[in-house]
Amino acid sequence: IAYYRLDETTGVVVDELGTYDGTNYGATRGVAGIINDAFSFDGSNDYVDLNNYISQDIGNSPFTINFWYYEDTTNTGNMQKNKLNIFDGSSESVSLVSTPSNLAWHMITGIRNSTGLYIYLDGTIDASNLVITGDITQTTNNALLGRASHTPAAYFDGTTDEIGIWDSALTEEEIIELYNSGNGMRPSG
């Protein structure tokens, strides 16, 4: 659906597929990323608006969200452990269970498939919820990077890179390939 390398140093935040270019609201560009450059968020008011709901492309179908992050040591932001929460459109959700170490790049992958909701940390399953009932289509809040769209005060304090959104559930093999032994890899095609 969308892929953000976050390598650009000015202008729009480019979706490599050309569908959902974003607008940067204060994130620092050009910082060292897992692959080339990345965006850094200050934990208090920086974010990127993807200028679309994106959920309309998913509805009640399988999907994957994958990204790399490097968390600041200050931990002043409100989205420290809950870097990714996946909701199924009803009351069911899954959140990261582990608390990864700071000062290192980590890859988080969230998946909804026909059997449930799953979160992978660094290519390994971390949490799951085997109940799925809802449709995540919504038309109220745009998708955002660095800030929760439904909780205005929840900002991320750290650096993000290589953000991908798929309208399918990646396999464990594909997740491990993207992790690339901790070096990251851009998806082909």
Side-chain angles (χ1 to χ4, degrees), residues 1-58 63-80 82-86 100 102-111 120-123 141-168 170 174-175 177-189:
I1 294 175
Y3 195 85
Y4 303 91
R5 292 181 180 196
L6 303 180
D7 289 341
E8 59 277 350
T9 56
T10 61
V12 300
V13 180
V14 176
D15 172 6
E16 293 297 313
L17 302 177
T19 308
Y20 299 117
D21 288 347
T23 304
N24 181 19
Y25 291 97
T28 303
R29 301 168 182 246
V31 299
I34 190 73
I35 300 174
N36 298 328
D37 291 336
F39 278 33
S40 178
F41 299 88
D42 68 5
S44 64
N45 62 4
D46 295 348
Y47 67 98
V48 171
D49 187 333
L50 300 183
N51 299 316
N52 196 290
Y53 309 125
I54 297 180
S55 66
Q56 293 173 319
D57 290 339
I58 299 169
F63 68 88
T64 302
I65 298 171
N66 185 82
F67 64 95
W68 285 86
Y69 77 94
Y70 189 103
E71 192 169 9
D72 287 349
T73 59
T74 56
N75 291 326
T76 58
N78 296 316
M79 292 178 65
Q80 300 310 315
N82 294 327
K83 291 158 194 66
L84 179 64
N85 296 311
I86 298 178
N102 292 334
L103 300 176
W105 280 101
H106 296 283
M107 186 182 86
I108 294 182
T109 308
I111 292 176
Y120 290 76
L121 174 64
D122 296 335
N141 301 309
N142 283 349
L144 305 174
L145 307 178
R147 173 183 156 203
S149 62
H150 62 282
T151 308
Y155 290 87
F156 176 66
D157 186 8
T159 304
T160 60
D161 199 9
E162 304 298 322
I163 300 169
I165 305 167
W166 286 259
D167 59 358
S168 62
L170 296 182
E174 290 169 322
I175 294 168
E177 184 178 352
L178 285 174
Y179 184 63
N180 192 22
S181 299
N183 296 312
M185 176 180 288
R186 290 182 172 152
S188 58

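Minimum interatomic distance between Met107 and Ile175 (heavy atoms only, all atoms of both residues): CE-O, 3.5 Å. Residues Ile35 and Met185 approach most closely at CD1-N, 3.8 Å, considering heavy atoms. Between Asp46 and Tyr155, the closest heavy-atom pair is O-CD2, 3.4 Å. Nearest heavy-atom pair, Asp15 versus Tyr20, reported as atom, atom and distance to 0.1 Å: OD2-N, 2.8 Å. Across Ala27 and Phe41, no two heavy atoms sit closer than the pair CB-CE2, 3.6 Å. Taking each heavy atom of Leu6 and Glu162 in turn, the nearest pair found is CD1-N, 4.5 Å.
Ring-plane geometry between Phe156 and Tyr69 is classed as perpendicular, the angle between the planes exceeding 60 degrees on a 0 to 90 degree scale with a lower cut at 30.
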For this session: Tell me, with the steps shown, if Val13 and Asp21 meet side chain to side chain contact (heavy atoms under 4.5 Å, CB included).
Result: CA-CA 5 Å; Val13 180; Asp21 288 347; over 6 Å; no
For this session: Apply side chain to side chain contact (heavy atoms under 4.5 Å, CB included) to the pair Thr159 and Trp105, showing each step before the final yes or no.
Result: CA-CA 9 Å; Thr159 304; Trp105 280 101; 3.6 Å; yes
For this session: Might you work through the side chain to side chain contact (heavy atoms under 4.5 Å, CB included) test for Asn36 and Arg186, ending with a clear yes or no?
Result: CA-CA 11 Å; Asn36 298 328; Arg186 290 182 172 152; 3.7 Å; yes
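For CD of Glu16, the number of neighbouring non-hydrogen atoms (other residues, nucleotides, ligands) closer than 6.0 Å is greater than 12.
In this structure, OG on Ser181 lies 11.0 Å from CG on Asp122, to the nearest 0.5 angstrom. Here the CH2 atom belonging to Trp68 is positioned 10.5 Å from the CD1 atom belonging to Ile108, to the nearest 0.5 angstrom. The CD1 atom of Ile163 sits 8.0 Å away from atom CG of Leu50, with the distance rounded to the nearest 0.5 Å. Expressed to the nearest 0.5 Å, how far OH of Tyr3 lies from CD1 of Ile165 amounts to 11.0 Å.
Looking at Ile65 and Thr109, their side chains never come closer than 4.5 Å, going by heavy atoms from C-beta outward. The closest side-chain heavy-atom distance from Leu145 to Thr160 is not below 4.5 Å. In this structure the side chain of Val48 never reaches within 4.5 angstrom of the side chain of Tyr4, judged on heavy atoms. With contacts defined as side-chain heavy-atom distances shorter than 4.5 Å, the pair Arg5/Val14 does not qualify. Between Tyr179 and His106, the closest side-chain pair of non-hydrogen atoms is not below 4.5 Å. Annotation: side chain of Leu178 is in contact with side chain of Asn66 (closest heavy-atom distance under 4.5 Å).
Applying the side-chain contact (heavy atoms from CB on, under 4.5 Å) test to Thr28 and every residue at least two apart in sequence or in another chain returns Val31, Ser40.
Under 3.5 Å, the side chains of Thr23 and Asn51 contain a donor-acceptor pair of N or O atoms. Side chains of Ser44 and Asp42: a donor-acceptor N/O pair is present below 3.5 angstrom, by distance only.
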